[in-house]
Amino acid sequence: MPHASHYMTCEGREIHYTVWGAEHQETVVAWHGLARTCRDMDDIAEHLSQHYRVICPDTIGRGLSQWSPRPEREYCLDFYARLATSFVNQLGLDSFHWLGTSMGGAIGTVAAATTLRGRIRRLVLNDNGPQLADAAIQRIRGYAGNPLAFDRVSELEAYFRSVYQPYGWLSDAQWRRLAESSTRRLPDGRVTPHYDPAMVMQFTHHDNDYLRWREWDTLDIPVLCLRGESSDLLLRDTCDEMRKRGPRAVVIEIANCGHAPALNTPEQFGLVERFLRARAGVEVVSASQGL
């Protein structure tokens with residue numbers, strides 16, 4: 001199914017987003033990860049658009065959205081949640097589901113506990129939780145804050161295939177789309193990832209921005225967490241706590257990937273779709289036993 005591209009001004013910043021399945025009323029907001037773009041959601045958005053309207057924004061500083069003129073203040077979860085609230089308000093969304101990969105999941109957690117409490121009906125976290133491993137944050141901060149530049153897009157694609165190998169299986173066509181939708185050309189003609197390197201100010205100006213147990217413990221909605229089985233960002237000990245505290249999440253490990261599952265296989269589609277349609281979290285667990 002085709003998607004449409006749109007722009008909206010939220011909190012004074014232009015936000016780009018795509019819409020899939022516009023004919024449906026029930027809506028899923030699908031939000032990408034830290035150094036990524038809304039196009040990461042293409043595969044699962046296309047699948048879900050058979051039954052849902054799926055709306056996929058680019059966070060400020062990423063993809064086709066505006067870069068922040070105040071990076072030290074605006075590249076943080078609290079501001080992203082304000083953007084998200086303005087975004088869904090302008091779309092007229094009173095009730096919807098949230099699917100977030102990594103940072104996108106953290107935005108959903110913060111918003112569901114604060115500015116969008118009572119409006120997010122179900123929350124899907126793709127390799128994200130209320131506490132992340134410090135070593136992995138430092139790893140991501142290292143490569144994201146100093147993006148490499150290449151003469152050729154094919155060289156940038158090879159780099160993406162290396163750094164995002166933990167995503168698990170992607171087809172050659174999916175790798176090519178990831179590269180082409182994540183590329184910007186520098187003044188000297190070289191190509192580099194399509195985001196503002198200053199977005200790592202989230203880690204230098206906002207201590208413990210991803211430590212969110214306080215918000216987690218207030219949630220009272222169904223939560224599904226998909227954890228890459230070899231993820232170095234979301235640890236099993238954290239998942240154990242997520243099962244016991246707050247909304248008592250259903251946690252399912254995705255084989256053969258780390259941080260973060262690419263949400264591009266029938267098995268992953270099925271887990272998300274069953275959760276969104278289930279009457280209780282136990283249905284998701286029983287339906288996924290064969291995975």
Side-chain angles (χ1 to χ4, degrees), residues 28-38 40-41 44-45 56-59 62 75-81 83-84 97-114 116 120 122-141 144 164 166-168 199-200 202-203 206 208-219 221-254 257-264 268 271-272 275-276 281 284:
V28 177
V29 173
W31 211 292
H32 64 82
L34 180 76
R36 302 300 308 132
T37 80
C38 70
D40 281 12
M41 296 295 183
I44 196 162
C56 311
D58 279 330
T59 313
R62 286 81 163 178
Y75 289 146
C76 65
L77 291 181
D78 288 346
F79 189 74
Y80 297 155
L83 284 174
H97 307 297
W98 187 286
L99 164 62
T101 292
S102 193
M103 178 194 72
I107 298 170
T109 296
V110 171
T114 57
L116 294 177
I120 295 178
R122 290 176 183 260
L123 175 63
V124 181
L125 305 177
N126 185 27
D127 215 57
N128 177 262
Q131 183 172 343
L132 305 178
D134 289 338
I137 288 178
Q138 293 305 315
R139 172 182 62 80
I140 294 170
R141 174 181 166 184
Y164 293 132
Y167 281 13
M199 56 90 172
V200 296
Q202 179 177 23
F203 302 107
H206 304 273
N208 297 317
D209 206 24
Y210 285 92
L211 187 60
R212 294 289 176 167
W213 286 113
R214 181 179 64 181
E215 289 84 357
W216 178 262
D217 287 337
T218 72
L219 295 181
I221 57 175
V223 177
L224 170 65
C225 174
L226 304 179
R227 177 185 183 271
E229 69 171 344
S230 58
S231 175
D232 64 342
L233 191 74
L234 181 61
L235 303 182
R236 285 198 177 100
D237 287 348
T238 300
C239 289
D240 289 342
E241 287 296 304
M242 292 169 68
R243 289 186 175 102
K244 300 172 186 175
R245 295 174 56 171
R248 295 179 173 84
V250 173
V251 180
I252 298 175
E253 286 201 346
I254 306 299
C257 63
H259 181 75
L263 302 178
N264 66 333
Q268 294 168 31
L271 284 170
V272 173
F275 174 73
L276 295 180
V284 179

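Keep in mind the model is a prediction, meaning the values are calculated, not measured. When reading the values below, keep in mind they use all heavy atoms of this one structure, side chains included, and skip hydrogens, waters and symmetry mates.
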Can you tell me if [X] uses its side chain to pair, donor with acceptor, with the backbone of [Y] under 3.5 Å?
X: R227; Y: I252; answer: no
X: R243; Y: V251; answer: yes
X: S102; Y: L34; answer: no

side-chain hydrogen bond (donor to acceptor under 3.5 Å, both in side chains) partner of H32, the single match among T59, T37, D40: T59

From CA spacing to verdict: side chain to side chain contact (heavy atoms under 4.5 Å, CB included), L99, V29: CA-CA 6 Å; L99 164 62; V29 173; over 6 Å; no

Side chain to side chain, [X] and [Y], heavy atoms closer than 4.5 Å:
X: E215; Y: P130; result: no
X: L226; Y: L224; result: yes
X: N128; Y: M103; result: no

How close do [X] and [Y] get, counting heavy atoms only, and between which atoms?
X: A84; Y: W31; result: CB-CZ3, 3.8 Å
X: R248; Y: K244; result: NE-O, 3.4 Å
X: I221; Y: A112; result: CD1-CB, 4.1 Å
X: E253; Y: E229; result: OE1-CB, 3.7 Å
X: L123; Y: F275; result: O-CE2, 3.7 Å
X: P57; Y: C38; result: O-CB, 3.3 Å

Y210 side, atom OH; L77 side, atom CG - distance, nearest 0.5 Å: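 Going from the OH atom of Y210 to the CG atom of L77 covers 5.0 Å.
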
Gap separating the OG1 atom of T101 from the CD1 atom of I107, nearest 0.5 angstrom: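 Here the rounded value is 11.0 Å.
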
Ring-face cation contact, W216 with R245, 6.0 Å cut, 45° max: no

Over-ring placement of R62 relative to Y75, 6.0 Å and 45° cut-offs: yes

Verdict with supporting geometry, L276 and V28, side chain to side chain contact (heavy atoms under 4.5 Å, CB included): CA-CA 9 Å; L276 295 180; V28 177; 3.8 Å; yes

Carboxylate-amine/guanidinium contact R141 D209, below 4.0 Å: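 Answer for the salt bridge query: no.
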
Side chain to side chain contact (heavy atoms under 4.5 Å, CB included) assessment of L234 paired with C225: CA-CA 10 Å; L234 181 61; C225 174; 3.5 Å; yes

Side-chain donor-acceptor contact under 3.5 Å, H259 with D127: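 There is such a pair between these side chains.
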
